[in-house]
Amino acid sequence: MVDVSPREAEVLALVGDHLSNAEIGARLFISVRTVETHVSSLLRKLEVPDRRALAQRVPELTGRGAALQAPVLPAPLTPFVGRARECAELTELIRAHRQVSAVGPGGVGKTRLALAVASRAGGEYSDGVWFVDLVPVADSGMIAAAVGVALGLGEQPGRDMTESVVTALADHHALLVLDNCEHVLDGVALFLERLLAACPEVTVLVTSRARLMVPFERVYPVPPLSLAVDGESDAVALFVQRAAAVGWPLDPPLRDQVAAICERLDGMALSIELAAARYPTLGLDGITAALSHPLRMLTGGARADDRHRSVRATLDWSHALLEPADRTLLRRVSVFVAPFSTSAATEVTGAEEGIVADGLARLAEQSLLTVRAFPGGTEYRLPETIRQYGTERLAEAGELTDTRSRHLRWCLTRATDLAEVRADWRARFDPVADDLRAALSWAADRPEQRPDAYRLARHLAELTFVRTLIGESQLRYEQAAALAGEPTAEAAMLRQAAAVAGCRMRGDDMYRLYRAAAGAARRAGDDAGAAADLATAATSSYRFWSKFAQLPPAQEAIALTTEARDLAGDDPAAQAAVALAEAGVLTDAFGAAQGPPDNDVPETIARAERAVALAHRTRDPLAESAALDALTGAQCWAGETFASAATARRRVALLASLPATPATTHELLDALGNAAEAGLGAGDLPAARRWARQIADHPLLAEVGHRATSWLLVADALAGDTDEVLAGSVRFLDAWQRAGRPARSVLGPAAAGVAMIHGLRDDRESRSVWVDVQSRLGTSPEQIHGYGAVFDAMLLLHRGQAAEALERMAPDPGSVWKSVTWVWLHWYVALRAEAAVLAGSPSARDHLAGAWTVVAGNPVAEAMVQRAAALLDGDQRALLTAVDAFDVAGCRYQSARTLMFAGGVHATRGAATLGDLGLAPMGSCRFPIASP
């Protein structure tokens, strides 16, 4: 044991406190020379080379701890929430690097994160953790003094405070946290350069809104709170915790609303805490509404650090640190609501590109902009609260109108480029879309900006339509109409809006907009245009009746047709439109719900053919297509199934090569549906499914899956493609339920087809669901005598209930002609004949004879009648010929059913196919199975 005298022990303890010889002498009331003697003696006795090594022996020899005792870290008043990933990442960084800067905007949660990391990592540092808040430090030269105070050091004669701190920490293994450094960055950088060079076991964690910009710095960008990670959200968790802390716990179902609020707050911790504090008085709906002015809403009570009393105060602090030129740049780029490039900022701010690039970099360094680099360049973005703060400053500076005007011109240029150059336009549209909307919103309310606002609204309408944002497209076309400087342009925009409404299945809007277009055309002195619009409005109420929530009275449509006729004069386009209205409204070529119960078929055909002839003379393919639609219907009423299918195909061919405008797209979608229907009626299942698939896959119908999939479900059900029906029915049901379960009888065939497939599978529970859907869609004569009878009969025949099937189809087609002729005539008479044969009806041969006359040329219906005749005659060869016909026609179910009738090995094949289709075995019937 080393022999140390009591006086030497006192000197040794003060050396451990890193006091100078003069300070030790003053403390012990002895001379400096005496202190030097004691220190020399201690160095010799303890065999250590210098004072640093001597200080390290203090705990061992005196029983005292290290001279510098790390204080307890500041204790947060609220629990730390989330941030598991950030804590782990930052902890690893301070283990690997001696100086780490946690950088981020004000209010993101840098201090809380640093404290959490320091608390958890503190045990890894033998001499503990010191925390120094630099907010009170106004002078960069006072950094060392602030650290010295935290260390408990006093002024020492002949030594600056930096040297004292360095000396004190020289032999310590410690973590030093310097919080809120952004306003004294230069001083912090100089101080740390000296400290880290002289104290090899000290690690420094800095929090700041900007980095130090020194070579030895490792930067950790503190992200906003996570909005969704594996189903969890730190942002939501923080809101919920803080709301519960003020006595208002949130129910789990409200978390989606909370998540939306947190997303609008960009995941900023301070903003979320302040918003949660307002929950007891505003509620979630009130907070959401108030976020249109977040700087006003996001305030709290008095705080020890006034910067965190409100988001505005936090931003004021950051703003005050900027140079005047950077303040100007910040407020001018605040007009961008989406990420922007340097070149965009240059155009809008009116400054030189080099100056703007340099300024954006400095704003990013201050965490006022977020930066993202990608192969095509670099883009910047302002968080929403900072953007609104900048906009307020822009208004205060009197620069709002000029800057927004430049932004409007920039948006117009972008929109024009996008409209003219279609290559990769979608990838270029999405990043600027929000700016186009913001510029339009500002310009629309300013009379002096009206021409530019009109142009931008028109471009945005066109772009959103192609982008399949068709709800917005209709809105923008209507907005363009309201901004148009003269009625001709207004009428043109309203017609486009009407076409988009048609694509959206909004018949009421379509009708309203065509009538409004007629009014604008009249104000422009264009009577012919007004006539065409009025006639089109009348026609749409019949032609697209299934798209209406509330059908106009029939007399109103007749009155519009009469008014249009009076205005049309000798204008070819107007005359064609009026002729189509007369075919559709007066003779109900389209089979509308409000149409008369009986058509005068010759008159209907005559009017439809006149409409086609007049439309053809206009050389307008859209007008001709609409007239061909009327002719398709007229041919159906006449029982000319194959002529109707040919006319429907002619429509599709006419429209196929036209550009995808709202009007052409609306017409094409209708033509595809019309062709699918007519194809089903003619037994051309492959073509019907092909056209129906185009409708189901069309991007404009993504949100109306029940309408999009309806004819494909019918085609697949008639073919017996179980898997396709089951898959498509999920989309149908989901979309129909999300739409509010609308009672649309036009959807009835799809629901009936799905119900039949579940019946064939013997899935009674699922069938009952779809029977209920069918009943909710509304009962119509077509359901009773048309598709309803067809699908019911197919199921009854599968179950071996031939007599019941024949009873279901008891009415002669002629007595219920309008319900069956549209699509179902051939199916109805073929199934009716088969039911008569299988039920042993005395009139079976009469049914067969009548059926042959009707279905001749329909591959599926002919095969069904051939099968019925073969069964009646016991002709197995004819049965197998029908099998081949069904296979060629794409009807696996009917093929398998026919094999079952053929018996023997054929029945084995049929049963296997039914099993592959997931269908139940066929029920027995009284008709004898043909011999093998």
Side-chain angles (χ1 to χ4, degrees), residues 641 644-645 648 673-693 695-696 709-729 732 746-761 767 770 774 782-783 785-798 805 808-809 819-835 851 854-855 857-868 882-883 885-898 913-914 917-919:
T641 301
S644 175
N674 197 222
E677 290 181 75
L680 291 174
D684 189 356
L685 287 182
R689 295 171 76 184
R690 184 173 66 252
W691 289 315
R693 172 59 67 186
I695 299 172
T709 60
S710 60
W711 283 113
L712 184 59
L713 284 171
V714 173
D716 287 334
L718 290 172
D721 286 334
T722 309
D723 290 343
E724 295 293 331
V725 171
L726 296 180
S729 67
F732 178 103
V746 71
L747 301 175
V754 177
M756 180 201 72
I757 289 295
H758 284 300
L760 294 178
R761 297 174 68 238
R767 173 171 166 75
W770 283 92
Q774 187 179 349
E782 186 186 8
Q783 176 182 334
H785 301 296
Y787 66 82
V790 167
F791 286 123
D792 286 349
M794 287 179 68
L795 177 58
L796 290 168
L797 290 172
H798 181 85
R808 181 70 177 85
M809 310 186 87
S819 301
V820 299
T821 52
W822 192 259
V823 171
W824 310 105
L825 178 62
H826 290 188
W827 294 89
Y828 187 93
V829 298
L831 287 166
R832 191 165 179 260
E834 180 177 325
V854 174
V855 307
N858 182 319
V860 178
E862 273 192 330
M864 293 172 72
V865 175
Q866 182 181 12
R867 177 177 62 197
V883 168
F886 283 127
D887 288 338
V888 171
C891 281
R892 289 182 69 200
Y893 166 66
Q894 295 295 349
S895 173
R897 176 174 167 76
T898 309
T913 300
L914 290 177
L917 293 172
L919 304 181

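Side chains included, hydrogens not; waters and symmetry mates left out as well; all remaining heavy atoms used.
- Between M864 atom CE and N858 atom CG the span is 9.5 Å, to the nearest 0.5 Å.
- Of all heavy-atom pairs between S710 and A750, the closest is O-CB, 3.5 Å.
- Within the model, atoms CG of D792 and CZ of R808 stand 4.5 Å from one another, a figure rounded to the nearest 0.5 Å.
- Listed here is the closest heavy atom pair of G679 and A688: C-CB, 4.1 Å.
- Note that CG of L680 is 12.5 Å distant from NE2 of H826, once rounded to the nearest 0.5 Å.
- With contacts defined as side-chain heavy-atom distances shorter than 4.5 Å, the pair W691/N674 does not qualify.
- Counting only distance, with no hydrogens or angles, the side chain of S895 and the backbone of C891 share no donor-acceptor pair below 3.5 Å.
- When every heavy atom of A889 is checked against every heavy atom of V860, the shortest pair comes out as CB-CG2, 3.7 Å.
- Judged by distance alone, the side chain of R832 and the main-chain N or O of M809 form a donor-acceptor pair under 3.5 Å.
- Side-chain contact between Y893 and L917: present, with at least one pair of heavy atoms (C-beta onward) separated by less than 4.5 Å.
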Verdict with supporting geometry, V754 and F732, side-chain contact (heavy atoms from CB on, under 4.5 Å): CA-CA 10 Å; V754 177; F732 178 103; over 6 Å; no

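- The heavy-atom pair separating A851 from A833 by the smallest distance is CB-CB, 4.0 Å.
- In terms of heavy atoms, M794 sits closest to L760 at O-CD2, 4.4 Å.
- Every salt bridge (Lys or Arg N to Asp or Glu O under 4.0 Å) that E724 has, sequence neighbours left out, goes to R693.
- Within the structure, salt bridge (charged side-chain N to carboxylate O under 4.0 Å, His left out) contacts touching residues 886-898 (residues at least two apart or in different chains) are E834-R897.
- Here the closest non-hydrogen pair linking A717 and V725 is N-CG2, 3.6 Å.
- With a 4.5 Å cut-off on side-chain heavy atoms, V714 and F791 count as touching.
- Between V865 and the choices V855, V854, V829, the side chain to side chain contact (heavy atoms under 4.5 Å, CB included) rule is met once, by V855.
- Evaluation of the ring-ring contact (aromatic ring centres under 6.0 Å, His included) rule for F886 yields no partner, not counting sequence neighbours.
- For the salt bridge (Lys or Arg N to Asp or Glu O under 4.0 Å) test, residues two or more places apart in sequence or in another chain that qualify with D716 are R689.
- Every residue meeting the side chain to side chain contact (heavy atoms under 4.5 Å, CB included) condition with A751, not counting sequence neighbours, appears here in chain and number order: W770, V773, Q774, L777.
- L726 is linked by a side chain to side chain contact (heavy atoms under 4.5 Å, CB included) to T722, H758, R761, counting only residues two or more places apart in sequence or in another chain.
- Rounding to the nearest 0.5 angstrom, the gap separating the CG atom in D721 from the CG atom in L713 is 11.5 Å.
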Residues L831, V790; criterion side-chain contact (heavy atoms from CB on, under 4.5 Å); working and verdict: CA-CA 7 Å; L831 287 166; V790 167; 3.7 Å; yes

